[in-house]
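Here the structure comes first, spelled out in structure tokens, and everything after it is commentary.
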Amino acid sequence: MSDIRFNRWLHQSGTGGVYQDSSGNIGIGTTTPLSQLDVVGVVSATSFTGNVTGNVTSSGVSTITSLNVGVGGTILTTTNSGSIGINTTDVQGGVIRINNTIGTGKTEGIIISHRGTDGITTTGGAFTPLVLENYAYTDGSGVDTSRAPLITGRRYGDVVGNGDGFDGSSFEISLGAGDGLFNLTAGAIHNHDGTYSYSGQRGASRIKLNDHALQLFKSDGTTPSVGLGVTWQQIYPPPVFRARTTSAVTVNSGTTTKITFTTEQVDTHSFYDTATSRFTPTIAGYYHITASIRLSGATSSPCRFDINLFINGSASNYATGINQQNNNDPGVNFSDVVYLDGDDYCEIYVNQNSGSNVSTSDADNTGGSNSMNWFGGYLVHPA
Amino acid sequence: MKTLYEKIITLYPGIKTEDNLLDGVILQNDSDGRGDYIKTWNNTEFIEPTQEQLDAIE
């Protein structure tokens with residue numbers, strides 16, 4: 001009786017039907033079944049159960065609306081030569097490549113989301129959405145010699161379409177609010193068992209920018225901070241100023257006299273005020289303060305004169321010069337590192353004990369740029 | 001017109017030290033138009049002069 005069913009329609013309706021060939025393969029909608037069951041047409045079922053093995057191939061458009069895999073099951077396994085293209089057959093150099101030409105509604109490629117069953121939970125933070133592993137070859141001391149980056153961004157900038165070239169803003173990470181959302185730990189070797197090995201070797205560069213500058217930007221306009229050690233510290237382009245005298249200042253003997261430097265030559269942050277001859281940096285930190293003064297008319301020899309750095313109206317640090325010869329126009333340079341907080345201000349005073357009145361001396365006192373009477377400073381290290 | 005330093009020496013010749021300073025006295029000028037003034041007076045031998053005493057010295 002079984003031979004009767006070979007190479008014949010078991011049931012036929014129109015162009016379709018159930019057919020069994022001589023090898024026992026069943027064809028639905030075909031008289032040449034290529035496997036034990038070959039369906040030419042659409043298969044509908046409430047569910048499929050059991051293990052699925054072998055390759056699933058399709059030359060047409062396939063859609064799986066729901067795929068449930070049991071515990072321990074595998075959705076897809078690729079071989080060393082295998083690759084997956086989603087919406088593309090051109091995976092280029094990747095193992096998986098997603099090509100979004102599906103439609104304008106798709107603005108994000110891969111979304112990895114985690115939250116508790118009741119929404120956002122306190123335990124959600126323990127989940128790491130993305131882990132990148134690269135079992136790079138290392139030398140005997142544990143140093144990764146391959147130098148292959150874990151992430152490479154390629155953003156193709158072009159006039160509509162042909163995808164040539166990069167537009168320069170190739171990689172962008174957008175973070176939410178809060179501290180420490182983006183942490184880089186360079187050089188540590190993450191062992192397969194979850195431990196870390198350092199082997200005395202860590203990468204020399206924590207963040208290396210090749211041919212690019214680093215811009216820190218805060219949308220609220222406040223000064224960005226960087227972490228040094230365990231603290232966050234604001235960073236600034238260092239303020240620099242230099243001012244010189246415009247006209248001679250008379251310094252009476254025995255009288256500590258403020259020198260007015262009324263020509264501003266450099267003042268990057270507008271911290272120097274020519275009206276008061278005060279340097280008032282509003283950035284707390286260590287400043288290198290310098291001054292140079294030359295006096296003329298000192299007729300007593302020897303005589304001494306001092307440059308006094310005044311901080312907040314009081315004498316702080318000073319430098320002393322000695323005039324060894326009459327009318328020798330002695331000069332003194334002051335140089336020191338001082339700490340200034342956010343509202344401290346500095347001034348320069350001079351004292352001389354020649355017994356007579358002298359003045360700041362400079363052939364260019366009234367104009368030139370090479371004045372010998374100047375007051376300057378810059379931030380060495382922020383607080 | 002004598003300076004404040006010169007007026008004090010005129011008033012108290014003995015207050016002048018060997019290196020032309022005023023013993024225990026600090027004079028200051030803040031270059032703010034007010035001129036020289038006595039910042040501190042820590043001399044117990046000579047009493048700090050009044051403004052009238054200083055103005056009387058030519």
Side-chain angles (χ1 to χ4, degrees), chain A residues 243 245-262 273-278 293 295 297-306 308 310-316 318 320-324 326 345-360 373 375, chain B:
Chain A
T245 55
T246 306
S247 57
V249 178
T250 299
V251 179
N252 295 331
S253 182
T255 306
T256 304
T257 303
K258 178 178 173 179
I259 306 300
T260 51
F261 305 88
T262 51
D273 184 355
T274 55
T276 61
S277 295
R278 288 180 180 177
I293 295 294
L295 298 177
T299 57
S300 174
S301 118
C303 72
R304 178 185 111 173
F305 77 97
D306 305 329
N308 285 280
F310 272 48
I311 298 178
N312 300 331
S314 299
S316 175
Y318 69 93
T320 297
I322 302 295
N323 182 31
Q324 298 288 5
N326 288 348
Y345 63 91
C346 298
E347 300 163 299
I348 293 297
Y349 281 71
V350 166
N351 196 323
Q352 55 91 12
N353 67 342
S354 68
S356 58
N357 304 333
V358 298
S359 298
T360 56
N373 303 317
F375 178 26
Chain B
M1 184 71 178
K2 285 185 169 63
T3 66
L4 177 60
Y5 169 82
E6 292 166 336
K7 288 180 178 180
I8 292 174
I9 292 176
T10 300
L11 190 62
Y12 303 131
I15 201 170
K16 182 178 178 182
T17 64
E18 291 182 354
D19 54 359
N20 290 330
L21 298 179
L22 303 180
D23 188 16
V25 177
I26 296 178
L27 306 182
Q28 189 162 311
N29 187 321
D30 296 325
S31 296
D32 55 1
R34 294 186 302 162
D36 298 348
Y37 64 94
I38 298 172
K39 177 73 172 180
T40 59
W41 188 279
N42 289 322
N43 189 302
T44 55
E45 183 178 357
F46 303 100
I47 301 173
E48 180 176 352
T50 64
Q51 190 61 45
E52 288 73 19
Q53 286 178 293
L54 295 172
D55 291 342
I57 300 172
E58 295 297 332

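Numbered from 1 within each chain, the chains take letters A, B, ... in sequence-line order.
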Holding to salt bridge (charged side-chain N to carboxylate O under 4.0 Å, His left out), I want the full list of residues that pass it with B:Asp55, two or more places apart in sequence or in another chain. none

Could you have a look at A:Ser277, A:Gly254, A:Ser253 and say which one has the most heavy-atom pairs with chain B under 4.5 angstrom? A:Ser253

One option among A:Thr257, A:Thr255, A:Asn351 has the most heavy-atom pairs under 4.5 Å with chain B, and it is A:Thr255

Only heavy atoms, only distances under 4.5 angstrom. Which residues in residues 36-53 of chain B are near chain A? B:Asp36, B:Lys39

Nearest 0.5 angstrom please: B:Ile26 CD1 to A:Thr256 OG1, how far? 6.5 Å

Smallest separation among heavy atoms of B:Ser31 and A:Thr260, with atom names: CB-CG2, 3.7 Å

Atom CG in B:Leu21, atom CG in A:Asn353: separation rounded to 0.5 Å? 5.0 Å

Got a sec, which residues hit ring-ring contact (aromatic ring centres under 6.0 Å, His included) with A:Tyr349, two or more places apart in sequence or on another chain? A:Phe310

Could you give the distance from OG (A:Ser356) to CG (B:Asn20), rounded to the nearest 0.5 Å? 8.5 Å

Rounding to 0.5 Å, atoms NZ (B:Lys2) and CG (A:Asn252) come to a distance of 13.5 Å

Taking every heavy atom of B:Thr3 against every heavy atom of A:Asn357, the minimum-distance pair comes out as CG2-ND2, 3.4 Å

Sequence neighbours excluded, the answer for salt bridge (charged side-chain N to carboxylate O under 4.0 Å, His left out) partners of A:Lys258 is A:Glu347

